[in-house]
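Let me begin by presenting the structure, written as structure tokens, before commenting on it.
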Protein chains: 2
Amino acid sequence: MIQPRPRTIPEATVARLAVYLRVLTGLADGGRTTVSSGELASAAGVNPAGLRKDLSHLGSCGVRGVGYDVRALRERIARVLGAERSRPCVLVGIGNLGTALADYAGFGSRGFHFVGLFDASPARVGHTIGGLTVQPMEELETAVTATDASIGVIATPADVAQQVCDRLVEAGVRSILNFAPATLTAPAGVDVRPVDLSVELQVLAFLGQQRAVPAAEVTA
Amino acid sequence: MIQPRPRTIPEATVARLAVYLRVLTGLADGGRTTVSSGELASAAGVNPAGLRKDLSHLGSCGVRGVGYDVRALRERIARVLGAERSRPCVLVGIGNLGTALADYAGFGSRGFHFVGLFDASPARVGHTIGGLTVQPMEELETAVTATDASIGVIATPADVAQQVCDRLVEAGVRSILNFAPATLTAPAGVDVRPVDLSVELQVLAFLGQQRAVPAAEVTA
DNA sequence: AGCCGCTTGTGAACGCAGGAACAAAGTCGC
DNA sequence: GCGACTTTGTTCCTGCGTTCACAAGCGGCT
């Protein structure tokens, strides 16, 4: 039994698949039944050829001369991304950003739901956000085990992010999304994905300044 | 007069430079005066050779046999990134996420400050967040012009993100950071950088599931 | 003063992502 | 029923990013 597909999808493609999924959901809600690669690519902001290549990674199911069936394609992408079944996540650090994340509707509609909110500050513990009650840090390990949460989100200050990371890993979490402005180290087998909002802004500012100053003084 | 440096820095390098800047600031606060590439790379979570190549893009200033001077390197990176002088930004959409962004201390310490907060909901207008008062959308254009804000941050619902984007561009904003789960289109000369929190989670979840299921059923 | 060890900076090779062009296939019109 | 058009899926190619490996340079020790 051979495996016709290489079974390995580039990370850049995965990120775009998530975008396609979002666009397709919007199209389905709008009543569309079929879409061409050109139209979908335009809506997702990518090159049509690249979109077709991305879709070919999941053994594509388009109809030549017609396009893609919106519902079928959406379901297939959701299955590949594992978004058909909602995944339990825990969120540590219920400050401003953590509160926003706990209340963010985008997660629930895209295959994720929080099963535990944790904060070290007694002032935060007991508050209810998005239907969940903030728990003290002491209950982190038992809650992770009880809910079988496989994904952890860190939104704590930078100076405690590594400790929180270690505790999550110890509790069995294998995937961590880190919003703290710190570089986390984790053992092999654990994915840590950093999302630094300041870095995004700095890259944006640099591109803008580079465009504004084609060949002028940077050395001055 | 030739220009010894290509004057063009890859985007991936710029993103890492921002991380190095953060690490260097931490080292400087800790009293360190010099750092080797290996140590800095370890703290930033990258390959030492790659770090040296990144630094070589800005005409590097390390001392062989010793390493890099922490303060000097920090200042040089800050200058290249344009982070020595704080840039004025406007923020549109003061929901949960917008509130968190307006209050996020990380921006202020990294060369950005908000000069205007805007929301379409009268219930939000008038509130004070991080020292600024939320203004109605009508005042967006005049405020952008008055403050000469060059960067706009969109944290609105997806269905109005494009309108907000158009108004920002019309008002003269050339760089936009988009947190709304929507693909924005802008004319040439305007940079739009999407930050989709759900996409980050979905990529993370996919990597985790791919690791958990080496070669099992995905087609089922 | 000379040697040794350490660290930087750069050059080359590898792998990957992105884009364009072409062949296959299916549908619509006549 | 047949031809032509539309759209997908694939293949090739170009460019970029990353990594490895080595030469050059500087400080410290004897």
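Reminder, nothing fancy here: chain letters follow the sequence lines and each chain counts from 1.
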Item to check | Polar side-chain atom of Ser175(B) near backbone of Ala205(A) as donor-acceptor pair, under 3.5 Å | outcome: no

Item to check | Main-chain N/O of Gly38(B) paired with Ser42(B) side-chain donor or acceptor, under 3.5 Å | outcome: no

If I take atom [atom1] in residue [X] and atom [atom2] in nucleotide [N], what distance separates them, rounded to the nearest angstrom?
X        : N       : atom1 : atom2 : value
Ile9(A)  : dC16(C) : CD1   : P     : 15 Å
Leu58(B) : dT10(C) : CG    : P     : 11 Å
Asp54(A) : dT10(D) : CG    : P     : 13 Å
His57(A) : dC16(C) : NE2   : C1'   : 11 Å
Arg76(B) : dT8(C)  : CZ    : C1'   : 14 Å
Leu73(A) : dT8(D)  : CG    : P     : 11 Å

Item to check | Rounded distance [0.5 Å steps], CG in Leu97(A) versus CG in Leu101(B) | outcome: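 Atom-to-atom, Leu97(A):CG and Leu101(B):CG are 7.5 Å apart.
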
Checklist entry - Going from CZ on Arg76(B) to CG on Leu24(B), what distance comes out if it is rounded to the nearest 0.5 angstrom? => result 13.0 Å

Checklist entry - Does the side-chain hydrogen bond (donor to acceptor under 3.5 Å, both in side chains) test come out yes or no for Thr25(A) and Arg110(A), once each step is laid out? => result CA-CA 10 Å; Thr25(A) 301; Arg110(A) 304 267 277 290; over 6 Å; no

Checklist outcome for this item: Nucleotide by nucleotide, nucleotides 23-30 of chain D touches protein heavy atoms under 4.0 Å in the pattern (B base, S sugar-phosphate only, - none) -BBBS---

I'd like to check [X] versus [Y] (side-chain heavy atoms, cut-off strictly below 4.5 Å). Are they in contact?
X         : Y         : value
Leu17(A)  : Phe206(B) : no
Gln202(A) : Asp196(A) : no
Glu170(B) : Asp166(B) : no

Item to check | Side-chain N or O of Arg52(A) closer than 4.0 Å to phosphate OP1/OP2 of dG18(C) | outcome: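 For dG18(C), neither OP1 nor OP2 has a side-chain N or O of Arg52(A) closer than 4.0 Å.
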
Next on the checklist: For Asp54(A) and Thr13(A): C-alpha separation, side-chain torsions, deciding distance, then whether side-chain hydrogen bond (donor to acceptor under 3.5 Å, both in side chains) applies.
Outcome noted: CA-CA 6 Å; Asp54(A) 286 339; Thr13(A) 293; 2.9 Å; yes

Item to check | Near-strand residues of residues 28-51 of chain A, defined as heavy-atom separation under 4.0 angstrom from DNA chain C | outcome: Asn47(A), Ala49(A)

Checklist entry - Is there a donor and acceptor pair, one atom on the side chain of Lys53(A) and one on the base of dG9(D), closer than 3.5 Å? => result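 Side chain to base: no pair below 3.5 Å.
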
